[in-house]
Amino acid sequence: MFKLPAIRIYRIVLAKLNFPEWLLPRAHERLWVCAVHTRVPFRFARWEEENYEDGVKWKFLEHKGPYFAPPYEPLPEDVNFYYDGKPMKLSLATEEVATFYGKMLDHEYTTKKVFQMNFFHDWTEIMTEEEKKVITDLDKCDFTQIHKYYFEKNEARKALPKEEKQLLKLEADKITQEYGYCTLDGHREKIGNFKTEPPGLFRGRGDHPKMGMLKKRIMPKDVIINCSKESKIPEPPEGHKWKEVRCDNTVTWLASWTENIQGSIKYIMLNPSSKLKGEKDWQKYEVARRLKDVVDKIRKQYRADFKAREMKTRQRAVALYFIDKLALRAGNEKEEGETADTVGCCSLRVEHIKLYPKLAGQEYVVEFDFLGKDSIRYYNKVPVLKEVFKNLNRFLENKEPGDDLFDRLSTTSVNKHLQDLMDGLTAKVFRTYNASITLQEQLKALTNEDDNVAAKILSYNRANRAVALLCNHQRAPPKTYEKSMQTLQAKIDAKKEQLSEAKTELKKAKAELKEKDDEKSRKEVERKKKLRERLKEQLMKLKLQATDKEENKQIALGTSKLNYLDPRITVAWCKKFGVPIEKIYNKTQRDKFAWAIDMTDENFEF
DNA sequence: AGAAAGACTTAGAAGGACGCGC
DNA sequence: GCGCGTCCTTCTAAGTCTTTCT
């Protein structure tokens, strides 16, 4: 009697509170018991702690373990490695590592000294004593036959008839069905990366000191399995054993192994479409929205701190100013020589900034030039507040170019401070917050209700682009850019031609109608009018395309869309302006943002 | 308290799938 | 139906932040 209405009420209330659909009570769950006693159903009572008490991420987890990279297939007899001009038969292990290099021969990596040195060093370690004695100089190694062999193999695979390709796909699908899913708390969930990483040569980004090192093959004995005690424990491949099977439900990974280049741990985890990940994502945006409520206060605070007595406080204030205004990353310390030399806010060095009291009509300009994450260059000239400028000048006093700009600062201390200002606040929340709020503001400013869908999408992309610019999300300009732009321009010109032709014909038709005034010429005028309209529309579309393309040349929109922009802003915008969500989010993105698509109405405000 | 390990998010490149215009 | 460009998916490196160890 009481059951259904209670559920209905909770569904409505919780929906208003922006709970995603899959968190809402379902009729069969008999939530009325909890509802009566706790006001909020138990499974949502502590949703901020992932639904379960104290760090527990799941109650039941079952999976098949990772899918291992296929074993090495030796080269055919007639494919040779040459040393010093003579064919040389290699031992199996040595040959395998040689193929890693051979496959990459047309890649820029293999021209780099560091890559070559690291490769040769690690390769030597694999060689037999005899091989070691012979192969002493990489320059005398000839991998071209190996390269050719794999290149042709690849071409042959591409040229396979449709049916055979389909067959291969079917086999791959079967593997995905078997290994690509797990059962988590009664739901079948997709796994993100269910395959172990195959062996090969390490490809670091930027100027990486370890590029070319041998990435070893992952074996079952390297792998830790994580699952429920009462689940069907995955079987290791025949004749092998897992490193360990553990049942830790305070973590979300299904399997892990330690990688040999940096000694860090790699994990097999769920796909972003999963409930577990979706919930976490949603939580992230809720934290950013809480920042929205206190950001004014925090800004006031760090501005006041520009004049603080303690230098550490001043440094923290300036760092926060950068993190907030420029969306810089926190900038953890990195071990020297282990990775490429990149920095974030706290790890900025003197050499990364230049100060200009006046520059091109602006006052107090700071020029930033440094390599950030993935060795992407951050270059920006920004006018800053006078106090910031004066502080920076002081921080630079008596320092060498290689010294830390913020010598009294660490990400830990910045984050500790932020935590005191708001529960759950860390440096990266500013990136999320500023990205999302920018999207919302830009959409408001740029969207024109009377525009057609194509123009609205352009507005969306522009708003998205503003965010990508803020976050410095870059991409290499597509190699085909110039050419495809020319093609597009040619199309536009042709369309213009067509349009003017159509206009002339319409005029003619009109003249004829005036003259004859019969049904046939009336119809002709109508037809020509329609043609003109169609061409106009097409021309406009092409022009939009060109603008979009040009503005997008070096900017990557995907990263912000996927990681920084609260999807509810997008969903609400789509609903408000009648843009189908499929025009903005592809299938993967819709899966990832299912929670947002489900629960957001057009009035959502970030 | 500081360092190291662990867990999880964010990132661009590469390669494959797919769709569009001829 | 074919070739070409674009979009999407996959891959895994490289960050951030938390937890554990010393």
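Chain A is the first sequence line, chain B the second, and so forth, proteins listed ahead of strands; every chain is numbered from 1. Reckoned from all heavy atoms, side chains included, excluding hydrogens, waters and symmetry mates. As the structure is a prediction and not an experimental result, all values here were calculated from the model.
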ask   = Between B:dA11 and A:Thr559, is there an OP1 or OP2 to side-chain N/O distance shorter than 4.0 Å?
value = no
query = At what angle, to 10 degrees, do the two end axes of the helix from B:dA1-C:dT22 to B:dC22-C:dG1 meet, given five pairs define each axis?
reply = 10°
message = Within the 4.0 Å heavy-atom criterion, would you say A:Gly372 contacts the bases, only the backbone, or no part of the nucleic acid?
response = sugar-phosphate
ask   = Judged by atom type as modelled, is there a donor-acceptor pair below 3.5 Å linking the side chain of A:Asp374 to the main-chain atoms of A:Ile376?
value = no
remark   = When A:Asn586 and A:Glu259 are each assigned the nearest nucleotide of DNA chain C, the 5'-most assignment goes to A:Asn586
key: Ion pair check, A:Arg349 and A:Asp403, cut-off under 4.0 Å   = no
inquiry  = If you compare every side-chain N and O of A:Ser375 against the phosphate oxygens of C:dA14 (OP1, OP2), does one of them come in below 4.0 Å?
reply    = no
task = State whether A:Tyr564 places a side-chain N or O below 4.0 Å from either non-bridging phosphate oxygen (OP1 or OP2) of B:dA11.
result = yes
message = If the cut-off is 4.0 Å, is A:His473 near the phosphate of B:dA11, judged by side-chain N/O to OP1 or OP2?
response = yes
task = Could you check A:Lys165 against A:Thr432 and say which one's nearest nucleotide on DNA chain B is further toward the 5' end?
result = A:Thr432
Comparing A:Glu333 and A:Tyr585 on DNA chain C - which has the more 5′ nearest nucleotide = A:Tyr585
A:Ile376 or A:Tyr267, whichever maps to the more 5' nucleotide of DNA chain B = A:Tyr267
inquiry  = Check A:Arg568 with A:Asp566, please: is the shortest side-chain N to carboxylate O separation under 4.0 Å?
reply    = yes
inquiry  = Please tell me whether A:Asn332 and A:Thr411 have a donor and an acceptor in their side chains that are separated by less than 3.5 angstrom.
reply    = yes
ask   = Looking at A:Glu171 and A:Lys174, does any basic side-chain N land under 4.0 Å from a carboxylate oxygen?
value = no
inquiry  = Using a strict threshold of under 4.0 Å (side-chain N to carboxylate O), is an ion pair present between A:Glu310 and A:Arg408?
reply    = no
request  = Name all residues meeting the side-chain contact (heavy atoms from CB on, under 4.5 Å) criterion together with A:Asp185; count only those two or more places apart in sequence or in a different chain, and write none if there are none.
outcome  = A:Tyr52, A:Trp58, A:Lys59, A:Phe60
Between C1' of C:dC11 and NE2 of A:His107, the distance in whole Å = 14 Å
ask   = So, is A:Lys266 near the phosphate of C:dT12, with a side-chain N or O under 4.0 Å from OP1 or OP2?
value = no
